[in-house]
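One structure is given below, encoded as structure tokens.
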2 protein chains.
Amino acid sequence: MPAAILSREEILARLADTFRQRGYDGASLADIAKATGLGKSSLYHYFPGGKEEMATGVLAALSEQLEAGLFGPLAGPGVPARKLGRMLDTLDGFYNGGRNACLLERLAASADRSPFQRPLHAMFERWIGAMAALCREAGIPAATARARAEDAVVRIEGALVLSAGTGDHRPFGRALTAIRRSLLAPPAP
Amino acid sequence: MPAAILSREEILARLADTFRQRGYDGASLADIAKATGLGKSSLYHYFPGGKEEMATGVLAALSEQLEAGLFGPLAGPGVPARKLGRMLDTLDGFYNGGRNACLLERLAASADRSPFQRPLHAMFERWIGAMAALCREAGIPAATARARAEDAVVRIEGALVLSAGTGDHRPFGRALTAIRRSLLAPPAP
DNA sequence: GTCTATAATAGGATAGAC
DNA sequence: GTCTATCCTATTATAGAC
């Protein structure tokens, strides 16, 4: 029987998995065809710009998903501490407790990252901005809020690098715990 | 006139640059030949195992350099705070203020990282261990020392990822400053 | 040790049938 | 939309002369 026909969202999800696991330069069209179950020609039907358009398409889709599932809720109703907790739980699942790499990091590590630089910059900024706004909502001064939000993203990305490099994913859990405890803490006097 | 003959150390240094800039999958033999000024056959003369042996050779050389220039001094004579400051200054230069990527991260992000997993694990552990020992020398309890050292490596790696992703290298400087202030601080009571 | 030349394969991309 | 077949280039790696 013929392979199940995938929706564009499903195709993008499988592309994202492939790029996340193998990186941009490490993911060949053969890898991508296998992961999606599509032939090369079908892939070029969806993405006439080839591999580069596949990656930028994945980034655009991820941006929407993060907005809906991660950043948006941070600005919605609820107590800041609880909203932070939910975001960190979501991230823990998203990165599978530190076992999964970060797609943003993988694309930032491409030999030619220029096609991804602009969306990557926007997404990192959005992420930091959303957490900084949460800090301000919790009464933290703007400058401190921004610094803490940046530090949280830094810790998450760094913990994923360390986890991948050592094969031990526990640093990721510890980083999440550290963020949970420190991000919204009252500033030192 | 013929190209200058490079020492093995110099060859390894140029290989390291290439892998650091382009990643393992993104660095082709043509890139490597150009960076070293050597033909492919000369490269295979030095590294019969091909690209993979080049990368493991680079890791081995880097390990020695870090031992001599970074980790060793941490265990040598001097006040802990001053030794920490020197290490961070060295790192700041090594990463060119956040403009350079980390070779360990780049190799950890290869599609097939299995040949590098063991040395990467050892090098990250050595780095964390050296900083933890410095913390203990400053009177910090072992468990806290280990956690802080891990957090420092996490912050450095994460700041490099964020700097590469956004094209703004300032987060790296801020991360170094945060480590400078917090790593050896007296533990909270 | 380094070179030129070349093998053998994998890579990205396209054509045209269905 | 998807397939098979194909093109062309880049890629890794080797052979053999100097």
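Using a 4.0 Å cut-off, some side-chain N or O of A/Lys51 falls inside it from OP1 or OP2 of C/dG12. Contact annotation: A/Tyr44 reaches the phosphate of C/dA13 (side-chain N/O to OP1 or OP2, under 4.0 Å).
Listed by residue number, there are no residues of residues 104-120 of chain A with a heavy-atom contact under 4.0 Å to DNA chain D.
We find that NZ of B/Lys34 is positioned 20 Å from C1' of C/dT2, with the value rounded to whole Å. As a whole-Å value, the separation of B/Phe47 CZ from D/dA13 P is 13 Å. Atom P of nucleotide C/dT4 and atom CG of B/Leu43 are separated by 13 Å, given to the nearest angstrom. Rounded to a whole Å, the CD atom of A/Glu53 is 11 Å from the P atom of C/dT14. Between the CG atom of B/Asp25 and the C1' atom of C/dG11 there is a distance of 13 Å, given to the nearest Å. Taking atom NZ of residue B/Lys40 and atom P of nucleotide C/dC3, one finds them 13 Å apart after rounding to whole Å. Between A/Ile32 atom CD1 and C/dG12 atom C1' there is a gap of 10 Å when expressed in whole angstrom units. For A/Leu38 and D/dC3, the CG to P distance is 7 Å, given to the nearest whole Å.
Set against C/dG1, C/dG12, D/dT12, the side chain of B/His45 has C/dG1 as its closest nucleotide. In this structure, of C/dT2, C/dG12, D/dT12, it is C/dT2 that holds the atom nearest to the side chain of B/Ser42.
Of the possible polar contacts, one joining the A/Arg148 side chain to the A/Ala185 backbone as a donor-acceptor pair under 3.5 Å is found.
A heavy-atom distance below 4.5 Å is found between the side chains of B/Ile11 and B/Phe47. Between A/Ile32 and A/Lys51 the shortest side-chain heavy-atom distance falls below 4.5 Å.
Sorted by first then second residue, the ring-ring contact (aromatic ring centres under 6.0 Å, His included) pairs that include residues 81-126 of chain B, not counting sequence neighbours, are B/Tyr24-B/Phe116, B/Tyr95-B/Phe172.
As judged by a 4.0 angstrom heavy-atom cut-off over every strand, B/Ala27 is placed among residues touching the sugar-phosphate backbone only.
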Report, one line per pair, each donor and acceptor closer than 3.5 Å where one atom sits in a side chain of residues 136-144 of chain B; sequence neighbours left out.
from	atom 1	to	atom 2	distance (Å)
B/Glu137	OE1	B/Lys83	NZ	3.0
B/Glu137	OE2	B/Lys83	NZ	3.3

Got a list of side-chain donor-acceptor pairs under 3.5 Å for residues 53-60 of chain A, not counting sequence neighbours?
from	atom 1	to	atom 2	distance (Å)
A/Glu53	OE1	A/Gly49	N	2.5
A/Thr56	OG1	A/Glu52	O	3.2
A/Thr56	OG1	A/Glu53	O	3.0

Name the atoms and distances for all side-chain donor-acceptor pairs under 3.5 Å in residues 153-160 of chain B, with sequence neighbours left out.
from	atom 1	to	atom 2	distance (Å)
B/Arg155	NE	A/Asp151	OD1	2.9
B/Arg155	NH1	B/Asp151	OD2	3.4
B/Arg155	NH2	A/Asp151	OD1	3.4
B/Arg155	NH2	A/Asp151	OD2	2.9

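Where DNA chain D pairs in unbroken runs of 3 or more (Watson-Crick or G-U, both distances under 3.5 Å), the stems are C:1-10 with D:9-18, C:12-18 with D:1-7.
Residue side chain B/Ser41 does not reach the base of D/dA13 through any donor-acceptor N/O pair under 3.5 Å, judged by distance alone.
Residues A/Thr18 and A/Ala35 share a closest heavy-atom pair of OG1-CB, 3.2 Å. Here the shortest heavy-atom pairing between A/Gly165 and B/Ala108 reads CA-CB, 4.0 Å.
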